[in-house]
Structure formats: C-alpha cells, structure tokens
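First comes the structure, then the notes that go with it.
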Amino acid sequence: MNFTNDKPIYVQMADRLCDEILAGTYKDDDRIPSVREYAVLLEVNTNTAVKAYDELARANIIYNKRGLGYFVTPGARKEILTSRRKTFLEEQLPELFRQMQLLGLGIEDIVGTWQHQNR
C-alpha cells in the first residue's frame with residue numbers, strides 16, 4: 001500500500017479496511033486478517049496496525065472475539081457509508097464546487113466525465 005502524508009498511517013490503514021468492507025471483501029461477522037497479518041501485508045509496524053484496529057473497534061466497525069481474532073460488526077457497512085457520505089457532502093463536495101467555480105467548469109462537464117468513466 002502506498003501511504004500519503006495527509007493522514008497518519010494507522011488512519012489510512014483503517015480507511016483501507018473500511019474500503020474493503022464497503023467493497024464486500026468482508027461482510028457482517030466475517031473474520032478479518034489478524035493485526036500481525038495486516039501489518040505484514042501492508043509492510044508496517046505491528047503497533048501501527050494495533051492503532052488502526054483499536055480505532056475501528058472504538059468506532060464499532062470491528063469487534064474482537066478473544067482467542068479468535070477480529071470480526072466485522074453487523075451493520076458496519078451501513079455505518080461506514082453513512083459516515084463517509086456525510087463527510088463527502090460536508091467537506092469534500094464544497095471544495096469540489098469551489099474548484100469547479102475557479103476553473104469555470106459546469107455540472108455538464110462533470111456529468112460528461114462521469115459518463116465517459118462509467119462506460
């Protein structure tokens with residue numbers, strides 16, 4: 001995984017796991033890779049992976065079954081969608097509109113690009 005400098009690595013790891021839940025890689029009550037497995041997979045320190053898992057557990061996205069590992073909390077996908085949609089609408093979309101205005105782009109430009117991308 002290529003990490004960026006805009007967020008801590010553990011947050012990017014948590015985001016990636018959420019992406020995998022959204023994509024259907026992991027469904028309700030599915031076991032996810034162990035902390036060590038995920039750290040090795042992403043080539044990060046185990047402590048960083050622990051922070052990512054702790055963050056997701058606090059957000060009730062995953063839960064721990066002692067001795068068995070971590071699993072996806074039922075309803076986690078819906079929770080992630082709700083949170084990400086809210087963030088997109090309140091933070092990312094206003095910036096997109098601002099950039100569109102600065103660049104003289106209209107909604108038709110966006111729709112055209114969207115249609116071209118989804119062929």
Side-chain angles (χ1 to χ4, degrees):
M1 179 172 172
N2 293 325
F3 296 104
T4 62
N5 291 327
D6 64 333
K7 292 184 204 174
I9 290 174
Y10 79 93
V11 173
Q12 293 176 64
M13 290 178 67
D15 286 347
R16 177 186 163 137
L17 200 47
C18 287
D19 289 348
E20 292 171 343
I21 292 168
L22 288 176
T25 304
Y26 304 111
K27 295 177 179 35
D28 289 356
D29 291 314
D30 279 356
R31 185 182 176 281
I32 61 172
S34 72
V35 170
R36 281 190 178 81
E37 291 168 339
Y38 214 53
V40 168
L41 177 72
L42 300 182
E43 299 176 346
V44 300
N45 185 294
T46 304
N47 291 332
T48 304
V50 167
K51 284 180 76 172
Y53 277 50
D54 285 348
E55 182 83 12
L56 291 170
R58 273 194 302 278
N60 206 29
I61 301 299
I62 61 174
Y63 64 95
N64 188 7
K65 283 187 183 177
R66 196 163 194 74
L68 296 176
Y70 283 93
F71 296 79
V72 176
T73 302
R77 185 177 190 282
K78 183 179 177 188
E79 200 62 39
I80 296 164
L81 275 173
T82 299
S83 173
R84 288 204 176 169
R85 285 177 176 162
K86 182 176 189 274
T87 299
F88 179 78
L89 291 171
E90 292 177 359
E91 296 174 18
Q92 294 171 308
L93 198 56
E95 176 59 20
L96 175 67
F97 289 154
R98 187 180 80 75
Q99 289 293 323
M100 287 173 63
Q101 187 174 24
L102 287 172
L103 299 172
L105 293 171
I107 194 69
E108 61 281 347
D109 298 308
I110 303 302
V111 170
T113 302
W114 172 266
Q115 290 171 341
H116 179 73
Q117 292 283 332
N118 290 306
R119 285 186 187 164

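- Of the inter-residue distances, the one linking Phe3 atom CZ with Glu43 atom CD reads 9.0 Å to the nearest 0.5 angstrom.
- Note that the NZ atom of Lys27 and the CG atom of Asp29 stand 12.5 Å from one another [nearest 0.5 Å].
- Looking at Lys78 and Asp28, no side-chain N of the basic residue comes within less than 4.0 Å of a carboxylate O on the acidic one, giving no salt bridge.
- No side-chain heavy atom of Thr48 sits less than 4.5 Å from a side-chain heavy atom of Pro8.
- Linking Ile, Leu, Val, Met, Phe, Trp and Tyr residues whenever their side-chain heavy atoms come within less than 4.5 Å places Leu81 and Val72 in a single cluster.
- Put simply, the side chain of Leu68 does not reach to within 4.5 Å of the side chain of Arg31, judged on heavy atoms.
- Linking ILVMFWY side-chain heavy atoms closer than 4.5 Å, directly or via other members, places Tyr63 and Ile61 in two distinct hydrophobic clusters.
- With contacts defined as side-chain heavy-atom distances shorter than 4.5 Å, the pair Asn60/Glu79 does not qualify.
- Within the 4.5 Å cutoff, no side-chain heavy atoms of Leu56 are placed close to those of Tyr70.
- Distance CZ/Phe88 to CG/Leu96: 6.5 Å, rounded to 0.5 Å.
- For the pair Glu20 and Ile32, the minimum side-chain heavy-atom distance is 4.5 Å or more.
- A single hydrophobic cluster is seen to contain both Leu41 and Ile62, as judged by linkage of ILVMFWY side chains at heavy-atom distances under 4.5 Å, directly or through other members.
- The hydrophobic cluster containing Phe97 does not contain Leu102, counting ILVMFWY residues as joined when their side-chain heavy atoms lie under 4.5 angstrom apart, directly or transitively.
- The cluster map of Ile, Leu, Val, Met, Phe, Trp and Tyr, joined by side-chain heavy atoms under 4.5 Å apart, puts Val35 and Val40 in different clusters.
- Note that the CG atom of Asn45 and the OH atom of Tyr10 stand 14.5 Å from one another [nearest 0.5 Å].
- Summarising the geometry of Ala39 relative to Ala49, their closest heavy-atom pair is CB-CB, 3.9 Å, with the distance given to 0.1 Å.
- Rounded to the nearest 0.5 angstrom, Arg84 CZ and Leu89 CG are separated by 14.0 Å.
- Within a 6.0 Å sphere centred on CG of Asn2, other residues, nucleotides and ligands contribute 12 heavy atoms or fewer.
- Remark: Tyr38 OH to Leu42 CG distance equals 5.0 Å, nearest 0.5 Å.
- Between Tyr53 and Ser34, every side-chain heavy-atom pair lies at or beyond the 4.5 Å cut-off.
- Here the closest heavy-atom approach between residue Ile107 and residue Met100 is recorded as N-CE, 4.0 Å.
- Side-chain atoms of Arg58 and Asp54, non-hydrogen and from C-beta on, do get closer than 4.5 Å to each other.
- Within a 6.0 Å radius of CD in Gln101, other residues, nucleotides and ligands contribute 12 heavy atoms or fewer.
- Residues Thr4 and Gln12 meet the side-chain proximity criterion, which asks for heavy atoms closer than 4.5 Å.
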